[in-house]
Structures are given as C-alpha cells and as structure tokens.
Amino acid sequence: MQFEFTEQQRMIRDMAKDFAAKEIVPIAAEMDEKEQFPADVVKQMGALGFMGMNVPEQYGGAALDTICYVLAMEEVSRACASCGVIMSVNNSLVCWPIETYGTDEQKKRFLTPLAKGEKLGAYCLSEPNAGTDAANQLTTAKPDGDGWVINGMKNFITNGATADLLIVFAQTNPELKYKGIRAFIVENTAEGFSVIRKEEKMGIRASDTAQLAFDNVKVSAEQVLGGEGTGFKIAMSTLDGGRIGIAAQALGISGAAYEAARVYATQREQFGRPIGAFQAIQWKIADMATRLHAAQLLTYRAAWAKDQGGRYSEESAMAKLAASEASHFITNEAVQIFGGNGYSKEYPVERHFRDAKITEIYEGTSEAQRMVISAMELKK
Ligand code: CAA
C-alpha cells in the first residue's frame with residue numbers, strides 16, 4: 001500500500017490549483033450572488049482537458065486515471081462548488097456511460113465533443129416521482145418507425161438548461177418495472193424538448209439546475225444507449241462513478257472552509273490571545289482535520305477501486321457518504337469559528353456552508369448511500 005500520488009497525479013493537482021486560483025477564485029462569490037453560469041470557466045476547463053479527464057485520447061479525452069480526476073475536482077470545487085458539479089456531471093454522468101456502453105459511432109458523434117469541452121452534457125434520471133426511488137420512471141419511450149418517441153418530465157437536472165446533449169432514462173414497458181427502462185442520447189435542439197424552469201437554490205447557485213419537458217421528442221435508433229432493458233443498470237453503474245465525483249466536490253468545499261478557519265484561528269484575537277490558543281477551538285480544528293483526511297482516504301480508495309475494474313458501488317457510496325457528511329460538519333464548524341463574520345457574506349465560509357448541503361442530497365441522498373452500503377455488507 002502506498003500513500004503517495006504519482007508524478008502525473010501531482011502535476012494535474014497543481015495545474016488545477018493554479019487554474020482555480022487565477023481564473024475561478026476571483027469571480028466565485030460574484031457568480032454565486034448573481035446565479036451566473038460560469039460559461040468562460042467551463043470553456044477553459046475544456047481546453048485544459050478537465051471535461052473528459054478519463055476518456056481515451058482517440059475520443060478527445062485526456063486519458064488520465066480517476067485519482068487525477070478526483071484531485072482536479074477537489075481543486076476546482078475548493079474555488080467554486082458550482083464549477084465542480086458542472087465538471088463532475090460532464091465527466092462522470094455523461095462521458096462515462098457513453099464511453100462504457102456506447103457504440104463506436106456514438107463515441108465519435110457524441111463523446112468526442114463532450115470530452116473536448118466543445119459540448120456540455122446533462123444526465124436526466126430524476127423525476128417528480130422518481131427521486132431516491134429512481135426505478136419509478138414515468139417518462140416513456142415508445143417505438144416510432146425506426147426510432148423512438150419520448151414523453152415526460154425530468155427534475156433537478158444539473159446543466160439542464162445549458163447542455164447540448166442529454167442522457168435521458170425512460171420506461172419502454174411499465175410491466176417490466178426497472179427492466180423496461182432504456183437510456184437515450186437526446187440533443188437539446190430536438191423538437192419537443194423544452195426547459196420548464198430553472199431552480200433558485202440555497203447553494204451551488206452558479207450551476208444551472210432545471211426542470212425539463214419532453215413532449216413527443218423523436219430520437220433515432222442510433223441514439224439508444226445500451227441494449228434492451230439495460231437502462232436502470234446503466235443509470236446505477238453511472239452513479240457509482242458520479243458519487244466519487246461528488247465526494248471530491250465535498251472534499252474541495254471542506255478543504256476551503258477548513259483552511260479559512262485554520263488561518264482565522266491563528267489571527268483572530270479575543271481575551272488578548274489568538275482564538276486558536278483556546279481548547280474549544282483546538283478541538284474543532286482537530287476534528288475538522290481528522291474528518292477531512294478520513295474522507296479523502298475513502299475517496300482516493302474509491303477512485304483507485306474504479307480503475308481496478310469490477311464493481312465499486314460500496315466504495316463509492318462510502319466515499320460520498322463520508323465526504324458529504326464531513327463537509328456538512330466542517331463548513332458548520334468553520335462558520336462557528338468565524339462567529340459573526342462567518343454568518344456574513346464578507347467571508348467565503350457562508351458560501352461553503354450553503355454549498356456543502358447539496359452533497360448530502362444529489363447523486364443519491366446519504367440515506368440512499370446507507371441503503372447501498374448496508375445491502376452490500378449484509379450480503380457478505
Ligand atoms: N451497478 C450495476 N447494477 C446495479 C447497481 C449498480 N451500481 N445498483 C443496482 N443494480 C442492479 C441490481 O443488481 C438489480 O439487478 P438484478 O435484479 O438483475 O440483480 C437492479 O439493478 C435493481 O437493483 P435494486 O433492487 O437495488 O434497486 P432499487 O430500486 O431497490 O434501488 C437504490 C436501490 C439504491 C435506492 C437506487 O434506486 C438509488 O441509488 N437511488 C438513488 C438515486 C440517485 O442517486 N439519484 C440521483 C439523481 S442524478 C443527480 O443527482 C445528477 C445531478 O444532476 C447532479
């Protein structure tokens with residue numbers, strides 16, 4: 001067992017850190033305040049190879065390992081959690097399933113522009129009645145000549161209003177329940193596709209989260225991803241990787257809040273001493289640092305497990321559960337250490353506190369992660 005990153009992993013982390021410090025940190029608070037989608041940052045991330053980090057070079061990707069992806073996600077999210085989720089969805093939830101389940105033709109046509117950052121992707125699984133119960137898909141796909149016609153509504157879709165390409169899950173035969181679900185690649189230019197509304201959110205406010213309608217949207221046979229009845233497994237296996245991305249996002253948010261609080265504890269004086277001289281603050285720092293490092297280890301382990309092949313559902317669920325709950329704890333303690341200043345928009349910890357909450361909800365709530373973990377544990 002080794003606890004060191006490779007030279008390439010360190011290089012990617014440093015590159016992401018420099019990029020985030022120069023291009024994202026100065027505008028992160030304003031983008032959050034104005035709910036402004038970071039189109040320029042996304043373009044630059046595309047040019048750096050951050051939008052298709054694990055995709056093979058022949059399909060326009062950077063062909064890096066999952067640890068590189070986690071380290072870049074951490075640095076981008078440390079600067080701006082909204083930029084982090086945009087990057088994570090494109091990499092994990094859109095590039096990965098097309099690379100894994102797509103035909104060569106689909107990879108050339110859809111994956112390559114996504115991996116190069118020329119196009120942006122979205123993953124459309126959640127519906128008004130399919131949240132944690134993801135198998136309860138009411139969106140339908142019916143055969144139509146050589147292709148299919150899709151009808152339904154999708155909820156809380158990251159990149160929903162800006163994405164060029166959307167992976168859409170739909171039920172083809174309700175009697176078969178989850179075995180009737182199939183996955184489709186839909187272009188945002190398709191007739192019948194529309195954005196119903198954009199959500200106003202507590203955190204990750206610069207990312208676009210939308211409710212979408214599919215009203216007799218026609219897709220060709222070439223836009224079906226995977227075989228008959230495989231849609232639910234495609235959705236779940238894709239989320240196994242997505243959860244590693246969200247764990248990395250949570251680590252980035254935690255890292256930013258922890259570092260701000262650590263420095264503040266050495267500078268802010270009360271009763272004639274830096275507040276870090278008091279045991280009440282020392283214990284908070286110790287607990288924050290320990291939870292951050294524990295979550296990092298679980299996340300790097302999950303990334304490593306993904307690259308070994310085989311199933312890594314439990315590792316990724318543990319990583320997301322630990323990292324998101326750590327980010328809740330750490331950002332809360334950071335606000336507490338900052339006191340009144342922590343509650344003010346003058347300091348970034350209030351943004352980190354708001355951003356942390358979503359990591360316990362999307363790509364499977366903490367309760368869903370516990371379902372995955374306990375199911376695996378009890379089967380052993
Ligand atoms: N990989 C491969 N197959 C899997 C799998 C995985 N990770 N997980 C389940 N399956 C298979 C099972 O083996 C089973 O197949 P068989 O019958 O052939 O054995 C089948 O799928 C059904 O599995 P379950 O019985 O476990 O399914 P379930 O309906 O009980 O669901 C659940 C379990 C864990 C609650 C699951 O529905 C779940 O993860 N829910 C959360 C949904 C979620 O994460 N939504 C996030 C939305 S996307 C988002 O947030 C994106 C964004 O924009 C940021």
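All heavy atoms count here, side chains included; hydrogens, waters and symmetry mates do not. Note that the coordinates shown come from a computational prediction; the quantities given were computed from them, not determined experimentally. Just so you know, ligand 1 is whichever comes first in the structure, and atom 1 is the first atom listed for that ligand.
- A donor-acceptor contact closer than 3.5 angstrom links the side chains of S92 and Y69.
- When non-hydrogen atoms are compared, ligand 1 lies under 4.0 Å from the side chain of V372 (C-beta onward) but not from its backbone.
- For atom 25 (O) of ligand 1, no protein heavy-atom neighbour is present inside the 4.0 Å cut-off.
- In summary, the atoms of ligand 1 found under 4.0 Å from a heavy atom of S313, numbered by their order in the structure, are 7 (N).
- Among the atoms of S126, none of the N or O lies under 3.5 angstrom from an N or O of ligand 1.
- Using a 4.0 Å heavy-atom cutoff, A235 is absent from the residues neighbouring ligand 1.
- Side chain of S344 to backbone of E346: a donor-acceptor contact under 3.5 angstrom is found.
- Looking at E35, its side chain never comes within 3.5 Å of a backbone N or O of D32 through a donor-acceptor pair.
- Here the rule is side-chain contact (heavy atoms from CB on, under 4.5 Å) with L212, and of L166, I196, N155, V186 only L166 fits it.
- Using a 3.5 Å distance cut-off with no hydrogens or angles, the side chains of Q296 and H293 do pair a donor with an acceptor.
- Remark: the backbone N or O of L239 is not paired with any side-chain donor or acceptor of E363 at under 3.5 angstrom.
- At least one protein heavy atom sits closer than 4.0 Å to atom 4 (C) of ligand 1.
- The K233 neighbourhood of ligand 1 comprises atoms 3 (N), 11 (C), 15 (O), 16 (P), 18 (O), with distances under 4.0 Å to a heavy atom of that residue.
- At least one test fails for R10 against the ring of F5: distance under 6.0 Å to the centre or angle within 45° of the axis.
- In this structure, a donor-acceptor pair under 3.5 Å is present between the side chains of D104 and Y59.
- Distance screen at 4.0 Å: atom 40 (N) of ligand 1 has a protein heavy-atom neighbour inside the cut-off.
- No donor-acceptor pair closer than 3.5 Å links the side chain of T139 to the backbone N or O of G152.
- Within a 4.0 Å radius of atom 7 (N) of ligand 1, the protein contributes at least one heavy atom.
- Of all the listed residues (R311, Q249, K177), R311 holds the heavy atom that lies closest to atom 10 (N) of ligand 1.
- Looking only at heavy atoms of the protein, atom 16 (P) of ligand 1 is closest to Y178 OH, 3.1 Å.
- In terms of N/O distances under 3.5 Å, ligand 1 is not approached by K179.
- Distance check for atom 49 (C) of ligand 1: a protein heavy atom is found below 4.0 Å.
- Residues E187 and R109 are paired through a salt bridge, judged by an N-O separation under 4.0 Å between the basic side chain and the carboxylate.
- Atom 34 (C) of ligand 1 lies below 4.0 Å from at least one non-hydrogen atom of the protein.
- Under a 4.0 Å criterion applied to the non-hydrogen atoms of M371, ligand 1 contributes the atoms 35 (C).
- D307 and T66 form a side-chain donor-acceptor contact under 3.5 Å, judged by distance and modelled atom types alone.
- Near D240, meaning under 4.0 Å from any of its heavy atoms, are these atoms of ligand 1: 1 (N), 6 (C), 7 (N).
- Atoms of ligand 1 found under 4.0 Å from any heavy atom of L239 (numbered from 1 in listed order, with element): 43 (C), 44 (O).
- Side-chain contact between Y101 and Q106: absent, with no pair of heavy atoms (C-beta onward) separated by less than 4.5 Å.
- Nearest protein neighbour of atom 21 (O) of ligand 1, counting heavy atoms only, is F232 CD2, 3.5 Å.
- For N159 (side chain) and G121 (main-chain N/O), a donor-acceptor pair under 3.5 Å exists by modelled atom type.
- Among the atoms of R243, some N or O lies under 3.5 angstrom from an N or O of ligand 1.
- Taking every heavy atom of both residues into account, L120 and L114 meet most closely at C-CD2, 3.6 Å.
- For ligand 1, the atoms sitting less than 4.0 Å from at least one non-hydrogen atom of L93 are 51 (C), numbered in the order shown with element in parentheses.
- Of all atoms in ligand 1, listed by their number and element, those nearer than 4.0 Å to a heavy atom of Y123 are 48 (S).
- Which parts of ligand 1 touch E363 is read off a 4.0 Å heavy-atom cut-off, strictly below it: atoms 44 (O), 46 (C), 49 (C), 50 (O), 51 (C), 54 (C).
- Backbone and side-chain nitrogen or oxygen atoms of T132 are examined, and one is located within less than 3.5 angstrom of a nitrogen or oxygen of ligand 1.
- Here the heavy atom of the protein found nearest to atom 36 (C) of ligand 1 is M236 SD, 3.7 Å.
- Below 30°, between 30° and 60°, or above 60°: for F278 and F271 the angle between ring planes is above 60°, a perpendicular geometry.
- Between G364 and ligand 1, at least one N/O pair is under 3.5 Å apart.
- Heavy atoms of D133 come nearer than 4.0 angstrom to ligand 1 in no pair at all.
- For atom 54 (C) of ligand 1, the closest heavy atom belonging to the protein is T158 OG1, 3.2 Å.
- Of all heavy-atom pairs spanning A20 and E75, the tightest one is CB-O, 3.7 Å.
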